[in-house]
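Below is one structure, written out as structure tokens; the observations come after it.
Quantities reported herein were computed from a predicted structural model and do not represent experimental measurements.
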Amino acid sequence: MNMTRLLIPTRKEAPSEIESLSHSLLVRGGYITQLISGVYTYLLLGLRIKNKIINIVREEMDYTHANEILMPALQPLEYWEQSDRRRAFGEILFSLQDRKNRELILGPTHEEVVSKLFAENVDTYKQLPLTLYQIQTKFRDEARPRGGLIRVREFTMKDAYSFDLTDKSLEDSYQKMVQAYENIFYRCGLPVVKIDADSGAIGGKGSQEFIYLHSTGEDTVIMCECGYAANEEKAQIKIETNKKEKTIDYTKIETKNITTINKLSDFFDLPKSKFLKAVLYIAKNEAMEDIPIIALIRGDLEINEVKLTNIIKLSGIRNMNDDEIKSYGMVPGFTGPIGIDKNIQVVADASVVPSYNLISGSNEINYHYLNTNYDKDWKADIIGDIHLAVDGALCQLCGKQLSSKKGIEIGHVFKLGQLYSEKFNIKVSGSNQDTITPTMGCYGIGIDRILASAAENTLKKDSLNWPITIAPFHVHIIFLGDEELSNSAIKLTIDTIEDSGLEILIDDRNETPGKKFADADLLGIPIRILISKRNTANGEVEIINRTTQKTTFAPIESFNDDVLDIYSELLNTYTV
RNA sequence: CGGGGCUUAGCUCAGCUUGGUAGAGUGCUCGGUUUGGGACCGAGAGGCCACAGGUUCGAAUCCUGUAGCCCCGACCA
């Protein structure tokens with residue numbers, strides 16, 4: 001294709017509000033352009049990349065015998081009431097009414113629709129296992145879109161749903177998807193780590209995320225040399241228990257204006273692990289009533305609010321403000337579990353149960369208690385793991401120090417179990433005249449996030465460098481003078497390359513070399529050919545493999561051979 | 001949803017403090033000279049100064065409100 005016929009609006013400068021380098025280069029290269037917050041137009045280059053990613057995803061999905069379908073973006077709100085997810089998604093749901101005032105939503109995901117679809121069309125065990133997938137536009141009214149294509153409100157997702165008769169069979173379906181995902185990311189040239197994840201609002205009983213590690217990511221991953229990796233919400237750590245001591249009766253001690261664990265630790269000259277930290281929250285029950293919560297944890301640890309939310313089985317958790325704390329008869333800075341209002345639900349981290357003679361707040365201003373002990377002095381309604389895994393914590397598996405890294409979630413796989421099967425009354429006939437409720441899995445890939453991550457992964461200052469498998473074109477031919485444009489021997493060779501199936505972008509514009517080079521760097525096409533007097537005078541053209549940075553010269557009549565060699569060499573790198 | 005910032009030419013920005021004819025660079029058009037890393041000379045087109053209201057003889061500029069966009073946090077299948 002000739003650049004004079006294409007809309008590729010490259011720019012010297014990106015809009016000032018853009019922060020991330022990859023986003024800036026995607027805008028400057030004329031790949032995408034923003035319409036409104038979190039909603040982007042894909043121009044020719046961006047769309048070509050996106051379509052290539054989609055093709056790779058489709059090939060790998062089809063290889064697992066998943067069925068491609070296409071469900072509508074418009075969905076009836078009733079389905080979401082039936083699954084009880086209307087509340088869980090809340091304002092994320094884009095909603096609208098049709099002319100008959102029927103409530104509709106723009107689908108943020110498709111568990112409901114696919115469950116109905118399955119319930120109405122599959123009747124017998126003989127049709128299982130079955131996996132359905134689609135590549136489709138999702139809508140989520142995010143509170144805060146950010147980072148270019150990383151968090152957007154309208155995006156393309158590959159979502160797959162598996163239906164199996166048994167847990168063992170689900171495990172097979174799940175592993176097939178995991179393998180397909182690894183193939184997809186490999187072919188897209190994107191290094192990912194697979195981590196244990198919290199299953200969040202989708203629900204279910206097991207899930208993993210595929211993360212592209214990068215500092216601009218929104219997710220925090222906890223990793224160990226031994227291979228253990230999980231997201232921050234899910235990560236389990238090994239906690240050294242305090243040394244066993246003889247328990248002593250607690251006594252009050254004055255601690256004037258000493259309100260934080262750090263100050264207490266200095267004041268008493270004791271490690272933070274000798275204190276009991278109390279954090280107060282308000283959560284909502286199903287009737288949307290406020291439930292007060294006190295969470296207790298050892299002073300050296302932090303509370304993981306996701307784990308806390310899961311364990312108390314309530315939603316909408318938030319910190320109590322000072323007035324609320326006072327209304328429950330407590331004092332900010334001096335809170336503790338002893339003698340508190342009976343309506344407060346007490347949740348204790350496992351770390352405080354075998355800890356001895358901890359110093360805790362007394363719920364009286366300027367006083368703490370020395371030597372408080374679990375069971376003897378106070379009890380919890382719920383005990384469990386509610387601590388946060390932080391950088392430097394110890395790995396539960398091997399005991400080495402964990403490190404924390406930021407990353408972008410580009411794929412997520414879940415074992416849903418029978419959650420939706422039950423809600424949508426999905427049943428199939430079994431082989432023994434019985435009825436079986438299938439077990440489900442769901443699997444998502446963010447297509448746009450692959451594109452953004454691939455850009456991030458290969459960018460250099462003012463240039464992108466696409467892997468050959470997803471590059472918008474394979475070959476970029478740059479004419480530096482217009483005399484060569486009409487050279488028939490060159491034309492013939494270019495035609496030969498095109499006939500071999502390679503996609504060629506020809507810069508036939510009347511621009512200065514500097515501008516052409518700068519644009520070419522932004523376009524990041526893997527094989528670049530320069531044609532100018534300087535080379536054609538020797539009967540040659542110049543070929544640059546942008547991955548290896550190697551430059552070669554080849555005859556005008558036969559440079560197609562060299563180009564094809566580089567192409568196959570590059571392609572090999574991304575073949576599974 | 002809390003906190004902060006921004007909004008003037010297609011793009012990047014100045015002008016606002018101290019009210020008085022709308023500016024630069026870049027991009028675009030035309031002519032010429034150039035042509036291996038965002039060239040040069042000349043001529044042009046291009047504006048509801050986000051929107052609404054107010055103060056004033058007069059508002060891009062001062063005041064009020066609204067909206068849009070970005071960032072931090074909360075939230076995030």
Presence of salt bridge, A/Arg151 and A/Glu218, under 4.0 angstrom: yes
Of A/Glu19 and A/Ile92, the one whose closest nucleotide on RNA chain B sits nearer the 5' end is A/Glu19
Handout entry: Verdict with supporting geometry, A/Arg28 and A/Asp462, salt bridge (charged side-chain N to carboxylate O under 4.0 Å, His left out)
Key = CA-CA 9 Å; A/Arg28 286 182 51 206; A/Asp462 294 325; 2.9 Å; yes
Distance between C1' atoms of B/A39 and B/G27 (Å, rounded): 15 Å
Between CG of A/Asp462 and C1' of B/G37 the distance, given in whole Å, is 11 Å
Is atom NZ of A/Lys176 surrounded by more than 12 heavy atoms (other residues, nucleotides or ligands) closer than 6.0 Å?
no
Under a 3.5 Å limit on both distances, the Watson-Crick or wobble mate of B/G44 is B/C28
Hits for ring pair (Phe, Tyr, Trp, His ring centres under 6.0 Å) against A/Phe210, two or more places apart or cross-chain, chain-then-number order -> A/Tyr181, A/Phe185
Any ion pair linking A/Glu19 and A/Arg146 (charged N to carboxylate O, less than 4.0 Å)?
no
Discussion item. Does A/Lys138 qualify as a cation-pi partner of A/Phe155, given the criterion of NZ or CZ under 6.0 Å from the six-membered ring centre and within 45 degrees of its axis?
Written reply: no
As its Watson-Crick or G-U partner within any shown strand, both distances under 3.5 Å, B/A39 has B/U33
Note: contacts of residues 130-139 of chain A with RNA chain B (heavy atom, under 4.0 Å) are none
message = Looking at A/Asp385 and A/Lys307, is there a salt bridge between them, counting it only when a charged N and a carboxylate O are closer than 4.0 Å?
response = yes
- Is any NZ, NE, NH1 or NH2 atom of the basic residue among A/Arg534 and A/Glu542 found under 4.0 Å from an Asp or Glu carboxylate oxygen of the other? no
Atom CG of A/Asp507 and atom P of B/G37 are separated, to the nearest Å, by 15 Å
So, with a heavy-atom separation below 4.0 Å from RNA chain B, the residues of residues 143-158 of chain A are A/Ala143, A/Arg144, A/Pro145, A/Arg146, A/Gly147, A/Arg151, A/Phe155
So, with a heavy-atom separation below 4.0 Å from RNA chain B, the residues of residues 27-39 of chain A are A/Arg28, A/Gln34, A/Ile36, A/Ser37
Scanning all shown strands, the Watson-Crick or wobble mate of B/A59 with both distances under 3.5 Å is none
Contacts satisfying side chain to side chain donor-acceptor pair (under 3.5 Å) that involve residues 8-18 of chain A (not counting sequence neighbours) are A/Thr10-A/Asp519
What residues 4-16 of chain A contributes to the RNA chain B interface at heavy-atom separation below 4.0 Å is A/Arg11, A/Lys12, A/Glu13, A/Ala14, A/Pro15, A/Ser16
Using a strict threshold of under 4.0 Å (side-chain N to carboxylate O), is an ion pair present between A/Lys423 and A/Glu112? no
By ring pair (Phe, Tyr, Trp, His ring centres under 6.0 Å), A/Tyr281 pairs with (sequence neighbours left out) none
Check: In terms of side-chain geometry, is the basic nitrogen of A/Arg153 or A/Glu142 positioned less than 4.0 Å from the acidic oxygen of its partner?
Finding: no
Residues at least two apart in sequence or cross-chain that pass ring pair (Phe, Tyr, Trp, His ring centres under 6.0 Å) with A/His110, listed by chain then number, are none
For this session: Would you check if A/Ile32 and A/Thr41 make a side-chain contact, meaning some heavy-atom pair closer than 4.5 Å?
Result: no
Mate of B/A50 across any strand shown (Watson-Crick or G-U wobble, both atom pairs under 3.5 Å) is B/U66
Would you call A/Glu483 and A/Lys533 a salt bridge, using N to O less than 4.0 angstrom?
-> yes
- Message: Using a distance-only criterion (donor-acceptor N/O pair, under 3.5 Å, no hydrogens), is the base of B/G38 paired with the side chain of A/Asp519?
- Response: yes
Polar-atom pairs under 3.5 Å, protein N or O versus N or O of nucleotides 41-47 of chain B: list them with distances, or write none.
none

Sorted by chain and residue number, the side-chain contact (heavy atoms from CB on, under 4.5 Å) partners of A/Lys406 (sequence neighbours excluded) come out as A/Thr220
Under a 4.0 Å heavy-atom cutoff, the residues of residues 535-553 of chain A touching RNA chain B are A/Asn535, A/Glu542
- Using 4.0 Å as the upper bound for N to carboxylate O, is an ion pair formed by A/Asp521 and A/Lys460? no
*Ignoring backbone atoms, test whether A/Thr512 places a side-chain nitrogen or oxygen under 4.0 Å from the OP1 or OP2 oxygen of B/U35.*
no
Applying salt bridge (Lys or Arg N to Asp or Glu O under 4.0 Å) to A/Glu91 and not counting sequence neighbours gives none
query: Is there a donor in the side chain of A/Asn231 and an acceptor in the side chain of A/Glu209, or the other way round, less than 3.5 Å apart?
result: yes
*Interatomic distance at C1', B/A60 relative to B/G19, whole Å*: 10 Å
